[in-house]
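Reviewing the structure listed below.
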Amino acid sequence: MTNYAAPTAIAAALAVLTMVIGSPAEARRAFARGANGSIGAFANSGQYGSRAGARALGANAGFGFRGGAYQGPNGSTLQTAQGGAYRRGVGGFRKKQFEATGANGGNANGYMNHTYNAQTGTGARNSGVNYTNPQGQSYGYDGSTTYTKGQGGTTTIDTKNKNDYSIDWQKGEKPVVTQTNTSAQ
């Protein structure tokens, strides 16, 4: 017996996403849930922006994504995006990013990436944020971590206008934090 519920739900979710594009002040959702998981999508738009996303989740695999673009009444803006996927016994990934501009001239952007290999039990994560205030001063960091499930890992943090660090953390032990350099302020 063929199961047509999943393709039908995907088609319905995509139809909802395409209908909301360009529609003023609308919100649409379509979700379906069954014995093998769930699938769905949403989209809405209004005076200050729009967002959309979709997901398909099951016990053994899944994916999802969403994003948005917003405009504030005084000229500020924000764009966001994120997505991820997983498969049992294989691993998964997740990625996020944003970019913002303030009405006062400040801005910020950031990211996060995380991958995990379930076959080897290893993972890696990196993230960072950068801020620039209206006076032009910049702050932020970039960090990265590698780890092995149940054992520990290493993290490095590189900051802008501050100190940089390396952190070694192993299961059952206190983390060892080492300052790797001192930035002049």
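The structure presented is a predicted model; accordingly, all values stated were derived computationally and were not measured.
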Minimum heavy-atom distance Ser76-Ala103, with the two atoms named: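 Answer, listing the atom of Ser76 first, then Ala103: CB-N, 3.7 Å.
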
Does the side-chain contact (heavy atoms from CB on, under 4.5 Å) test come out yes or no for Asn44 and Arg51, once each step is laid out? CA-CA 6 Å; Asn44 63 40; Arg51 66 186 185 126; 3.2 Å; yes

Between the side chains of Glu173 and Lys171, is the shortest nitrogen-to-carboxylate-oxygen separation below 4.0 Å, so that they form an ion pair?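 Looking at Lys171 and Glu173, the cut-off is not met.
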
Counting only pairs under 3.5 Å, give me each side-chain donor-acceptor contact of residues 141-153, with atom names and distances, residues two or more places apart or in other chains.
residue: Tyr141; atom: OH; partner: Ser127; partner atom: OG; Å: 3.4
residue: Asp142; atom: OD1; partner: Tyr111; partner atom: OH; Å: 2.7
residue: Ser144; atom: OG; partner: Thr156; partner atom: OG1; Å: 2.9
residue: Thr145; atom: OG1; partner: Thr155; partner atom: OG1; Å: 2.9
residue: Tyr147; atom: OH; partner: His114; partner atom: NE2; Å: 2.8

List in chain and number order the residues that pass side-chain contact (heavy atoms from CB on, under 4.5 Å) with Gln82, two or more places apart in sequence or in another chain; answer none if no residue qualifies.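 Expected list: Arg66, Arg94, Lys96.
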
For a side-chain contact (heavy atoms from CB on, under 4.5 Å) check, start with the C-alpha distance between Gln179 and Tyr165, then their side-chain angles and the critical distance, and finish with the verdict. CA-CA 4 Å; Gln179 185 173 325; Tyr165 297 93; 4.0 Å; yes

Can you tell me if [X] uses its side chain to pair, donor with acceptor, with the backbone of [Y] under 3.5 Å?
X	Y	value
Asp164	Thr159	yes
Asn161	Ser138	yes
Asn133	Gln137	yes

Assigning hydrophobic clusters by single linkage (Ile, Leu, Val, Met, Phe, Trp, Tyr; side-chain heavy-atom cutoff under 4.5 Å), is [X] placed with [Y]?
X	Y	answer
Leu78	Tyr131	yes
Trp169	Ile157	yes
Leu57	Phe42	no

Regarding Gln170 and Asp168, do their side chains bring together a donor and an acceptor under 3.5 Å, going by distance alone?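 Asp168 and Gln170 do have a side-chain donor-acceptor pair below 3.5 Å.
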
State, with a plain yes or no, whether a side-chain heavy atom of Tyr48 is found less than 4.5 Å away from one of Pro73.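 Counting from C-beta outward, Tyr48 and Pro73 do come under 4.5 Å.
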
Measuring only between side-chain heavy atoms, which start at C-beta, is Lys160 closer than 4.5 Å to Tyr139?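 Heavy-atom side-chain distance check fails, nothing below 4.5 Å.
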
Evaluate whether atom OH of Tyr70 has more than 12 neighbouring non-hydrogen atoms of other residues, nucleotides or ligands under 6.0 angstrom away.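 Count over threshold, so yes.
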
Supply the atom-to-atom distance Gln71 CD to Thr77 OG1, rounded to the nearest 0.5 angstrom.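 Gln71 CD to Thr77 OG1: 7.5 Å, rounded to 0.5 Å.
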
Once you round to the nearest 0.5 Å, how far does CG of Asn109 lie from CD of Gln79?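 Interatomic distance, Asn109 CG to Gln79 CD, rounded to 0.5 Å: 11.0 Å.
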
